[in-house]
Amino acid sequence: MTASFPAAARELLRNAQLRRNVAHATDVIRHKRDRVVEEREDWQELRDAGSAIRQHVLENLDSYLLQFEEACSAAGGQVHWARDAAEANRIALAILSSREVREVIKIKSMTTEEIGLNAALEARGISAIETDLAELIVQLGHDVPSHIVVPALHKNRQQIRELFLREMGLDQLGDTAEDLTAAARAWLRRRFLTARAAISGANFLIAETGGVAIVESEGNGRMCLTLPPLLITIAGIEKVIPSFRDLEVFLQTLPRSATGERMNPYNSIWTGTTGADGPQEFHVILLDNGRSRILADSESRQTLKCIRCGACQNVCPVYRQTGGHAYGSVYGGPIGAILTPQLHNLEQGASLPYASSLCGACYEVCPVKIDIPEVLIHLRSEIVAREQHTIGGMLGPWNLGMQAAARIFASGERMETAQKLGRAIQRPFAGTSGTIESLPFLLSGWTQSRDLRPIPQESFRAWWARRGKEES
Amino acid sequence: MTPAREPILTRIRTGLGRPGSSEPDTLAAGLSALPRGYRTCANLPARLREELFIERLRDYGVEVATVPASTVAGAAAVRLAARQARSIVFPAGFPAAWLPGEFNMLEGDLLRPEELDRVDAVLTGCTVAIAETGTIVLQTGPAQGPRRLSLIPDYHLCIVQASQLVQTVPEALEKLDPTATLPTTFISGPSATSDIEMTRVRGVHGPRALEVILTGAQEESPRLDEAV
Ligand code: SF4
């Protein structure tokens with residue numbers, strides 16, 4: 001994490017192009033999603049089932065992982081376990097190096113982003129080629145993804161055209177979306193046909209069969225999963241579902257939530273290795289990297305139910321204004337605000353749980369019913385509790401302010417006094433519009449992201465008391 | 001070989017507050033007690049199911065012809081000619097009666113990816129099709145081939161028998177369950193991307209065109225196959 005959310009967001013808010021792209025993209029997806037969700041009369045039942053299945057898996061995660069391992073191994077797959085990012089990268093590197101692979105093709109995967117796999121491979125002289133169009137745009141531009149499902153929505157056609165011309169060494173190229181897509185198809189086709197290894201994430205691991213499922217649109221996934229002789233899948237330990245037939249829930253909720261389609265163009269499900277169809281060698285790396293710690297906190301355990309559809313981002317008023325980059329992490333939006341700090345044991349991304357207005361829109365759309373506002377509040381209290389344990393934190397303005405607020409809110413009398421005091425102090429700061437646009441010193445943190453309504457001349461309590469008297 | 005396995009399992013169990021794994025019976029009971037109030041079976045008669053399938057396919061820009069079993073080969077010939085396909089492959093086990101005789105056709109299961117890259121079109125059957133989502137599902141095996149066969153050529157023509165068509169996703173998973181471990185591909189329209197300014201572009205890496213011939217349907221419209 002390079003900058004805190006407020007600093008990164010301030011910078012990005014200035015970038016009008018990005019804001020336009022993000023707003024346009026989120027509007028399009030939201031609209032499509034609403035249409036295909038509304039036509040399902042059993043949408044709430046699908047959410048209930050999805051939520052219950054994921055919760056059940058988390059509560060029995062050890063059993064389901066063991067089941068998956070056994071079934072996958074029996075089908076010819078090799079299962080590895082990794083405690084953290086470094087271990088996962090080491091395992092992948094060892095497999096690739098021992099086969100003398102110098103170049104791998106990759107399917108878009110937040111998990112490999114999370115562990116910084118590409119950089120780890122490059123450090124050992126193995127180049128990783130992203131094959132998802134948006135990821136390719138991000139990679140060629142030496143950029144980071146801004147959205148779970150549409151990682152390049154911060155770039156427009158002209159920017160992409162210039163990038164392709166330069167990086168693909170082309171002489172000419174049109175600037176329609178079709179032209180740009182065709183260029184990527186031609187550029188990648190050669191690589192698909194010759195690659196000796198592929199790396200993927202997973203949408204679901206199926207405990208019962210040992211199968212892995214990947215949901216995609218472009219066909220680059222199918223290419224990676226079928227053509228190279230070696231395939232490595234890296235998946236978070238929480239990705240398990242109990243049985244093959246449980247896909248009947250997620251294959252209905254995930255595409256509708258993610259891209260607003262009844263079904264995305266391609267879903268691939270494969271189990272170990274299968275003779276002459278697909279890779280001869282298949283590895284799965286099961287990644288913990290902080291997940292077992294999240295699991296242990298019963299209040300935030302539900303974070304791990306996430307199926308990475310991105311719907312919560314598209315409805316989030318904060319995300320819509322800033323785009324994914326401000327979250328300073330591969331996971332953006334409301335889910336990023338709860339997942340990132342937890343993956344880092346609250347040592348990174350501690351400002352993220354505050355990057356929310358707690359409006360609840362994310363919960364409403366979540367296909368597995370993660371109560372993100374509830375987790376946000378829980379994390380805020382965790383962060384505050386942790387800060388109170390440090391001297392700096394104890395004497396910090398945030399903590400002193402919160403303690404004062406707690407005292408004031410606890411007593412009506414003190415609140416009255418505080419408001420009277422506030423009314424007198426606020427006069428020099430109230431703008432011409434009647435709102436307070438910036439406050440000095442310690443309180444500037446509040447007004448840098450919002451205008452404040454001045455304390456009204458009459459408090460609710462005073463009005464209520466007067467009203468009661470007038471009526472009687 | 002995997003030194004992290006036990007530590008991770010221990011952390012999970014400690015986190016969940018129990019020393020060992022749950023009993024298999026408890027696990028199964030927990031699983032079967034989960035709420036499943038969503039719709040799992042069909043509520044449309046066959047004819048409406050077929051109409052819905054066709055409508056959903058057209059939504060994806062997929063052409064559909066509905067023909068009697070006896071004219072599948074003829075309908076396929078019309079489509080292949082319209083595409084000006086010269087080299088055409090089909091999977092082992094593809095019904096001979098469906099093969100249009102006038103074309104130069106090759107069984108493609110053993111072709112290497114570079115060879116398939118020079119092929120214009122592929123004909124396949126499927127295992128199941130889903131009306132509500134306009135999906136065809138292919139599994140590695142007779143009449144469907146290995147996965148690369150229906151992936152690399154630029155045009156995919158799929159023959160769906162009405163008896164393979166179900167209405168809902170849960171019905172499809174039920175039908176696929178006995179062969180769940182075969183490589184399985186759900187195909188819903190041609191490959192597509194909306195990555196550039198959210199403009200939908202059809203045809204990225206998979207076949208840029210997908211077409212379907214539905215046979216054995218309640219209401220056959222040979223007219224349609226001439227029209228498309
Ligand atoms: S939290 Fe819910 S809505 Fe957000 S990405 Fe995860 S599953 Fe989707």
Side-chain angles (χ1 to χ4, degrees), chain A residues 24-25 28 42 45-46 48-49 52-53 56 59-63 75 80-83 87 133-134 150 152 156-157 160 177-178 180-181 185 193 209 211 217-220 222-223 226-227 242 244-245 247-248 251-252 262-271 274 276-278 288 292 295-296, chain B residues 2 4-5 7-9 11-16 21-22 27 30-31 34-40 56 109 113-114 117 130 132-135 140 146-148 151 169-170 173-174 176-177 180-199 201 203-206:
Chain A
H24 174 58
V28 173
D42 56 352
E45 285 78 12
L46 284 166
D48 286 338
I53 294 168
H56 168 79
E59 282 160 11
N60 299 281
L61 191 57
D62 51 334
S63 308
H80 310 258
W81 302 65
R83 274 161 286 204
E87 192 167 22
L133 182 52
V150 207
N156 66 19
R157 275 185 293 138
I160 295 167
E178 282 79 10
L180 299 169
T181 306
R185 177 185 167 98
L193 294 174
T209 58
S217 294
E218 297 175 6
N220 61 310
R222 293 179 69 194
M223 293 279 179
T226 16
L227 300 186
F244 178 75
R245 288 185 60 182
L247 286 171
E248 71 188 22
L251 290 185
Q252 296 197 78
R262 295 187 181 100
M263 192 67 92
N264 45 288
Y266 299 135
N267 304 326
S268 294
I269 305 157
W270 73 98
T271 309
T274 311
D277 186 356
D288 183 342
S292 58
L295 190 74
Chain B
T2 57
R5 184 175 184 270
I8 292 175
L9 287 169
R11 293 189 67 164
I12 291 171
R13 288 174 186 140
T14 315
L16 293 169
S21 283
S22 325
L27 202 63
L31 184 58
L34 300 179
R36 291 186 192 263
Y38 52 90
R39 201 150 51 74
T40 51
R56 291 291 146 89
D109 290 31
E114 315 79 86
D117 197 33
I130 310 168
E132 281 185 351
T133 56
T135 304
T140 299
R147 287 170 291 175
R148 62 180 172 275
L151 173 64
V169 172
L173 270 294
E174 185 184 0
L176 292 166
D177 200 34
T181 57
L182 288 176
T184 302
T185 311
F186 285 59
I187 301 175
S188 309
S191 65
T193 182
S194 303
D195 281 348
I196 299 173
E197 290 188 354
M198 299 301 292
T199 311
V201 178
V204 192
H205 300 298

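We name chains A, B, ... by the order of the sequence lines, and we start the count at 1 in each one. The structure displayed is predicted, hence computed values, not measured ones.
Rounding to the nearest 0.5 angstrom, the gap separating the CZ atom in Arg36(B) from the CZ atom in Arg245(A) is 8.5 Å. Rounding to the nearest 0.5 angstrom, the gap separating the OG1 atom in Thr133(B) from the CG atom in Leu251(A) is 9.0 Å. Between the CD1 atom of Ile187(B) and the OH atom of Tyr266(A) there is a distance of 6.0 Å, given to the nearest 0.5 Å. Thr2(B) contributes atom OG1, which lies 9.5 Å from atom CZ of Arg83(A) (distance to the nearest 0.5 angstrom). If you take CZ on Arg13(B) and CG on Asn60(A), they are separated by 11.0 Å, rounding to the nearest 0.5 Å.
Between Phe186(B) and Met263(A), the shortest heavy-atom contact is CD2-CE, 4.3 Å. Taking both residues in full, the closest heavy atoms of Ile12(B) and Leu295(A) are given as CG2-CD2, 3.6 Å, listed atom of the first, atom of the second, then distance. For the pair Ala192(B) and Glu218(A), the tightest heavy-atom approach, listed with the atom from each and the gap, is O-CG, 3.4 Å. Listed here is the closest heavy atom pair of Thr226(A) and Arg148(B): CG2-N, 4.3 Å.
Put simply, of Asp288(A), Ile269(A), Asp277(A), the one with the most heavy-atom pairs under 4.5 Å next to chain B is Asp277(A). Counting heavy-atom pairs closer than 4.5 Å to chain A, the top residue among Val201(B), Ile130(B), Leu182(B), Thr14(B) is Val201(B). When Gly219(A), Ala296(A), Pro265(A) are compared by the number of non-hydrogen pairs under 4.5 Å with chain B, Pro265(A) comes out ahead. The candidate with the highest count of non-hydrogen atom pairs below 4.5 Å against chain A, out of Leu34(B), Leu151(B), Thr185(B), is Leu151(B).
Contact of Ala177(A) with chain B is made through backbone and side chain together, with heavy-atom distances under 4.5 Å. Heavy-atom distances place both the backbone and the side chain of Ser217(A) under 4.5 Å from chain B. Within the 4.5 angstrom heavy-atom criterion, only side-chain atoms of Glu87(A), from C-beta onward, approach chain B. For Ile160(A), the part sitting under 4.5 Å from any heavy atom of chain B is the side chain, from C-beta outward, and nothing else. Leu227(A) touches chain B through its side chain: at least one heavy atom from C-beta onward sits under 4.5 Å away, while N, CA, C and O do not.
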